[in-house]
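Data block below; observations after.
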Amino acid sequence: MPQVKLREKGQVTIPAELLQEWSKKNQVSINDSMEARLSNGVLMLIPQKRHATKRSLMSFAGTGKGLWGNTPAEVDASLKESRGAWER
């Protein structure tokens, strides 16, 4: 797990591999403003543009298509298989 060091003026450098992954997902760019939150001892950096974009619930429609199968029979078989794996 990458580690960072807190500098005298409160500065922290985000490790390159984390920054690359974060920016690949279009969640952050250089010079973006961040909201800093402290919750239960965990410091969170939240890009401000995340708050600016409100998406409709319908924008998520179809995101799970084909996840459990493409036909009703495939979906049923997948659910039965998953349920069979549950501990009792």
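Please read these numbers as outputs of a predicted model, since none were measured by experiment.
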Any residue meeting salt bridge (charged side-chain N to carboxylate O under 4.0 Å, His left out) with E74, in chain and number order, not counting sequence neighbours: none
For residues 3-17, which side-chain N or O atoms pair as donor and acceptor with protein atoms under 3.5 Å away, sequence neighbours left out?
none

Closest non-hydrogen atom pair, W68 against S78: O-CB, 3.2 Å
Residue list, side-chain contact (heavy atoms from CB on, under 4.5 Å) with A36, at least two apart or on another chain: L43, L45
Heavy-atom neighbours of M58 CE exceed 12 at 6.0 Å: no
Carboxylate-amine/guanidinium contact R37 E35, below 4.0 Å: yes
Spacing of CD belonging to E21 relative to CG belonging to L19, to within rounding of 0.5 Å: 10.5 Å
